[in-house]
Amino acid sequence: MITKTIRYDLSNGIATITFDEQGSPVNTMCLQWQDDLDAIAAQAVKDRGQLKGIVLASAKSTFFAGADLKAVMRSTEADGPRVFREIERIKKNFRTLETQGVPVVSCLNGAALGGGLEVALVGHHRIAVNNPKIQFGLPEVTLGLIPGGGGITKMTRMLGLMAAQPYILESKLFGPEEALKIGVVHELVATAEELMPRALAFIEAAQGKPDACTHVWDRKDYKMPGGTPSNPKIAGMLSVAPAVLKQKTRGLYPAPEAALAAMVEGAMVDFDTAMRVESRYLAGLMTGNVARNMINTFFFNMNAIKGGQSRPKDVAKYQPKKVGILGAGMMGSGIAYAQATRGIATVLKDVSLEAAEKGKSYTTRLTQKRVDKGQMRAEKQQGILNLITPTANAAELQGCDLIIEAVFEQRELKAVATKEAEPMLAEGGFFASNTSTLPISGLALASAQPAKFVGIHFFSPVDKMKLVEIIRGQTTDDETIARAYDYVQALGKLPIVVNDSRGFYTSRTFGTFVMEGAAMLGEGIPAPVIENAAMQAGMPVGPLAVLDETALSLSVHVLEQTRIDFQKEGRQYVATPGETLVEQMVKQHNRPGRAAGGGFYDYPEGGKKQLWPQLKALYEKPGVEWNLQDVKDRLLYRQAVETARCLAEDVLTSVHDGNIGSIFGIGFPAWTGGALQFIYGQGIEAFEQRCTELAARHGSGFILADAVKSALRQHQPQY
């Protein structure tokens with residue numbers, strides 16, 4: 001029997017069910033597959049009299065990929081009952097196959113993630129190829145969903161309530177050896193060719209043994225490992241679990257809470273009821289906004305970035321072997337670490353050998369922590385350190401495929417560094433600036449080859465921040481953009497490509513967040529309200545705390561540089577209320593930021609940071625009316641408006657660059673799916689309406705020009 005997604009072959013009493021979705025590189029739970037599974041399960045029931053066993057196999061390089069996420073993107077709240085029926089229908093067929101009274105063996109030739117692992121768990125006996133590159137796990141929570149195709153119920157019954165939590169609530173992925181250790185698979189083989197012979201051998205040996213064709217949770221003597229929620233020890237832990245979870249999610253992510261509820265409620269009832277409980281929670285999430293937001297960005301947009309959608313086509317793949325870095329400060333030393341740990345020879349240049357050595361010591365410190373924890377061998381650490389050459393001599397840069405300038409944010413200084421180092425490039429090499437705000441086209445004027453000059457903007461701290469913003473100057477050619485993209489991917493980071501403008505995309509948008517916070521302080525809204533509202537909206541930290549970390553003095557420096565640049569162009573720059581307040585903090589109150597002793601916060605030695613008490617006296621206006629939702633909206637909407645403006649101005653050329661850039665670059669809340677998905681998720685018209693209200697009360701930062709409204713509609717993703 002051959003359907004469009006599954007093949008069923010009965011031979012010598014063995015029914016081999018092979019998943020093989022036509023026209024797709026992977027197997028998914030699409031609607032066609034659901035229909036086909038109905039037919040296959042019915043056929044297995046029909047053949048019951050002649051069955052000795054069932055084998056589940058895959059014709060793809062992976063076992064099974066999971067749910068059809070495009071279908072989830074198309075669903076709405078009204079689809080809840082239909083989605084529930086579909087989930088239950090799939091699980092009914094799983095149950096039919098696993099309760100035929102014959103052994104079912106899953107042959108895992110490749111990855112089985114999410115719904116794919118749930119398909120694998122239909123097998124009473126599971127065999128996997130022992131390849132460390134193969135991954136198993138239930139990553140649904142990271143996409144705003146839960147493993148509701150049997151994953152929660154089965155993993156909880158297999159491992160116990162406490163032991164299953166990392167795999168369900170934290171989406172912990174694992175390889176074949178860990179899968180064997182925890183019982184997700186029962187047997188490992190060296191190659192895919194060995195899977196079928198081992199499966200047949202198991203079925204043969206299982207004849208006449210009821211336990212071999214019954215899941216552990218279906219046996220009469222089954223007891224849940226560690227105990228059920230009525231066990232006092234488990235009950236004690238579970239009583240604090242929701243509070244701990246709420247602390248992490250801030251109530252913005254419904255999936256982890258639904259997963260925990262399904263685990264606990266399911267553990268108190270019989271298997272079939274537990275499966276139904278799980279289905280209800282999943283149907284609710286699949287038709288909710290947060291899941292659509294997260295799937296859009298963490299699946300579709302992320303795949304667009306990894307697949308190189310913003311990379312110019314028709315340029316050969318590139319791998320730089322030797323890269324020079326100018327400036328061994330915080331950014332330069334971080335880039336050196338990122339390169340050396342990925343096997344790239346690095347020349348770290350500063351004005352003195354001592355400063356360059358200090359930059360290299362950053363890599364020593366970070367790798368030593370891993371050596372001390374037993375995560376890295378000393379020989380490996382030495383190999384990494386050997387790849388970094390600290391120097392004060394520009395001649396050491398000779399033959400670099402790429403040189404990155406990471407000196408102080410001053411145009412003249414960057415020009416000097418460029419002119420000194422650029423002649424050292426290998427033939428065909430290219431030059432990059434790590435500036436966070438200065439337009440690349442202006443910096444490229446110092447270059448002898450402006451077509452080979454590009455912005456590569458890393459984020460601090462480089463070892464932790466995954467995003468890198470690639471900035472195309474007015475003259476940067478496609479080959480240079482493609483090579484920069486490949487270089488960033490070689491570091492294991494996420495590249496987004498933007499066009500040149502002041503502050504590019506991330507710094508410009510990030511600036512609106514912190515300056516809106518500062519503006520609200522200037523209006524008299526209490527500082528603790530502003531900081532807490534940002535956290536409640538899902539930002540990692542409040543705008544005033546961020547300004548302290550990045551240095552208020554740096555913001556003032558950027559403001560002064562902007563004024564000079566505007567003056568040269570015959571224009572006058574008018575500072576925003578937020579910029580004016582930050583300038584006051586630095587120049588009148590001598591509060592330049594954390595590194596210089598304090599800014600909006602005080603930093604007592606050995607103590608916890610606290611808001612500077614003088615803020616209350618200086619800025620708080622007791623008569624000022626404020627609304628918490630307005631404060632939250634101002635912080636999120638201001639960033640979303642700026643992102644939409646970047647799209648309209650062609651600074652951003654794609655939605656995926658905007659969403660990934662906002663989450664991984666400036667900490668825009670993940671529950672929204674990013675700054676553009678925040679708009680699309682609630683509907684463009686609803687967003688425009690709220691912006692009109694905010695603009696009427698809080699100024700031009702919230703105004704959407706017609707060109708912006710048009711760009712939002714033009715780029716709206718369709719599923």
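Only heavy atoms go into these numbers, but all of them, side chains included; no hydrogens, no water, no symmetry mates. Model, not experiment: these values are computed from the prediction.
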Asker: In a check of side chain to side chain donor-acceptor pair (under 3.5 Å) between Ser279 and each of Glu86, Lys91, Arg85, which one passes?
Answerer: Lys91
Asker: In terms of the angle between their ring planes, are His125 and His186 parallel, tilted or perpendicular, with boundaries placed at 30° and 60°?
Answerer: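 The rings of His125 and His186 lie parallel, inter-plane angle below 30°.
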Asker: Salt-bridged, Arg276 to Asp270, with N to O below 4.0 Å?
Answerer: no
Asker: To check you understand the geometry: which heavy-atom pair defines the closest contact between Leu108 and Ala120, and what is its length?
Answerer: CD2-CB, 3.6 Å
Asker: Do Leu138 and Glu118 come close enough that some side-chain heavy atom pair is under 4.5 Å?
Answerer: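 Yes, at least one pair of side-chain atoms sits under 4.5 Å.
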Asker: With heavy-atom distances below 4.5 Å as the criterion, would you say the side chains of Leu161 and Met263 are in contact?
Answerer: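 Leu161 reaches Met263 side chain to side chain.
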Asker: Rounded at 0.5 Å granularity, tell me how far CD1 in Ile182 sits from NZ in Lys172.
Answerer: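 Here the rounded value is 7.0 Å.
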Asker: Would you kindly say whether Glu21 and Thr28 are connected by a side-chain donor-acceptor distance under 3.5 Å?
Answerer: yes
Asker: Are side-chain heavy atoms of Phe271 and His215 found at a separation under 4.5 Å?
Answerer: no
Asker: Do Arg89 and Asp38 meet the salt-bridge criterion of a basic N to acidic O distance under 4.0 Å?
Answerer: yes
Asker: Is the backbone N or O of Arg157 less than 3.5 Å from a side-chain atom of Tyr222, with the two atoms forming a donor-acceptor pair by type?
Answerer: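 Checking the backbone N and O of Arg157 against the side chain of Tyr222, a donor-acceptor pair under 3.5 Å is found.
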Asker: Is a side-chain donor or acceptor of Thr5 paired with a backbone partner of Asp20 at a separation under 3.5 angstrom?
Answerer: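 Checked: no pair found.
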Asker: Less than 3.5 Å apart, any donor N or O on the side chain of Glu265 or Tyr281 sitting next to an acceptor on the other?
Answerer: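 Yes, Tyr281 and Glu265 have a side-chain donor paired with an acceptor closer than 3.5 Å.
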Asker: In terms of side-chain heavy atoms, does Gln165 have a donor or acceptor partner in Glu170 at a distance below 3.5 Å?
Answerer: no
Asker: Output yes when Arg95 and Asp218 qualify as a salt bridge under the 4.0 Å nitrogen-oxygen rule, no when they do not.
Answerer: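 Salt bridge: yes.
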Asker: With a 4.5 Å cut-off on side-chain heavy atoms, are Gln716 and Ile679 touching?
Answerer: no
Asker: Would you check if Ile90 and Gln34 make a side-chain contact, meaning some heavy-atom pair closer than 4.5 Å?
Answerer: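 Yes, side chains in contact.
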Asker: Can you tell me if Asn131 uses its side chain to pair, donor with acceptor, with the backbone of Lys133 under 3.5 Å?
Answerer: yes
Asker: When rounded to the nearest 0.5 angstrom, what is the spacing between CD in Gln489 and CD1 in Ile305?
Answerer: 9.0 Å
Asker: Can you name the closest pair of heavy atoms from Ala112 and Leu117 and give their distance?
Answerer: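 In this case the closest contact between Ala112 and Leu117 is O-CB, 3.6 Å.
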Asker: Salt bridge check, Asp486 against Arg311: does any charged N sit closer than 4.0 Å to a carboxylate O?
Answerer: yes
Asker: Report the distance from atom CG of Leu97 to atom CG of Asn93, rounding to the nearest 0.5 Å.
Answerer: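 Going from CG on Leu97 over to CG on Asn93, the span is 7.0 Å.
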Asker: I'd like to know if Arg82 and Asp79 make a salt bridge, using a cut-off of under 4.0 Å between side-chain N and carboxylate O.
Answerer: yes
Asker: Do Thr672 and Asn293 meet the criterion of a side-chain donor-acceptor pair at a distance under 3.5 Å?
Answerer: no
Asker: Passes side chain to side chain donor-acceptor pair (under 3.5 Å), Glu278 versus Thr153? Steps please.
Answerer: CA-CA 7 Å; Glu278 184 192 87; Thr153 302; 2.8 Å; yes
Asker: Taking all non-hydrogen atoms of both residues into account, name the closest pair between Asn109 and Ile134 and its distance.
Answerer: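 Shortest heavy-atom separation between Asn109 and Ile134 comes out as O-CD1, 3.6 Å.
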Asker: Has the side chain of Asn659 got a donor or acceptor atom that lies under 3.5 Å from a matching backbone atom of Leu676?
Answerer: yes
Asker: With rounding to the nearest 0.5 Å, note down the distance linking NZ in Lys60 to OG in Ser24.
Answerer: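 It comes to 5.5 Å.
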Asker: Does the side chain of Ser654 pick up a donor-acceptor pair with the side chain of Asp657 at under 3.5 Å?
Answerer: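 Distance-only check passes for Ser654 and Asp657.
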Asker: Could you pull out the closest heavy-atom pair between Cys213 and Gly101, with the gap in Å?
Answerer: SG-O, 3.3 Å
Asker: Grab the two heavy atoms, one from Gln100 and one from Val45, that are nearest each other, plus how far apart they are.
Answerer: NE2-CG2, 3.6 Å
Asker: State plainly whether the residues Lys154 and Glu98 are in salt-bridge range, i.e. N to O under 4.0 Å.
Answerer: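 Yes.
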Asker: Flag the pair Leu188 / Val129 as yes when at least one side-chain heavy-atom distance between them is below 4.5 Å, and no otherwise.
Answerer: no
Asker: How about Val83 and Ile87: do any of their side-chain heavy atoms sit closer than 4.5 Å?
Answerer: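 Counting from C-beta outward, Val83 and Ile87 do come under 4.5 Å.
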Asker: What I'd like to find out is whether the side chain of Ile168 reaches to under 4.5 Å of the side chain of Met155, using heavy atoms alone.
Answerer: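 A side-chain contact exists here, since the closest heavy-atom pair is under 4.5 Å.
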Asker: Under 3.5 Å, is there a donor on one side chain and an acceptor on the other for Gln677 and Asn296?
Answerer: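 Indeed, the side chains of Gln677 and Asn296 share at least one donor-acceptor pair under 3.5 Å.
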Asker: Is Asn289 reaching over with its side chain to a backbone N or O of Gly681, donor-acceptor style, under 3.5 angstrom?
Answerer: yes
Asker: Could you measure the distance from the OG atom of Ser75 to the CZ atom of Arg292? Nearest 0.5 Å is fine.
Answerer: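 It is 5.5 Å, given to the nearest 0.5 Å.
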Asker: Decide salt bridge (charged side-chain N to carboxylate O under 4.0 Å, His left out) for Glu187 and Arg126; before the verdict, give the C-alpha distance in whole Å, the side-chain angles of both, and the deciding distance to 0.1 Å.
Answerer: CA-CA 7 Å; Glu187 201 177 336; Arg126 300 172 289 276; over 6 Å; no
Asker: Is there a donor in the side chain of Glu178 and an acceptor in the side chain of Tyr167, or the other way round, less than 3.5 Å apart?
Answerer: yes
Asker: What is the ring orientation for Phe19 with Trp33, classed by angle as parallel under 30°, tilted 30 to 60°, or perpendicular over 60°?
Answerer: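 Correct class here is tilted.
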Asker: Distance-only, no hydrogens or angles: does the Lys466 side chain make a donor-acceptor pair with backbone N or O of Gly492 under 3.5 Å?
Answerer: yes
Asker: Drop me the distance from Ile295's CD1 to Lys70's NZ, to the nearest 0.5 angstrom.
Answerer: 13.0 Å
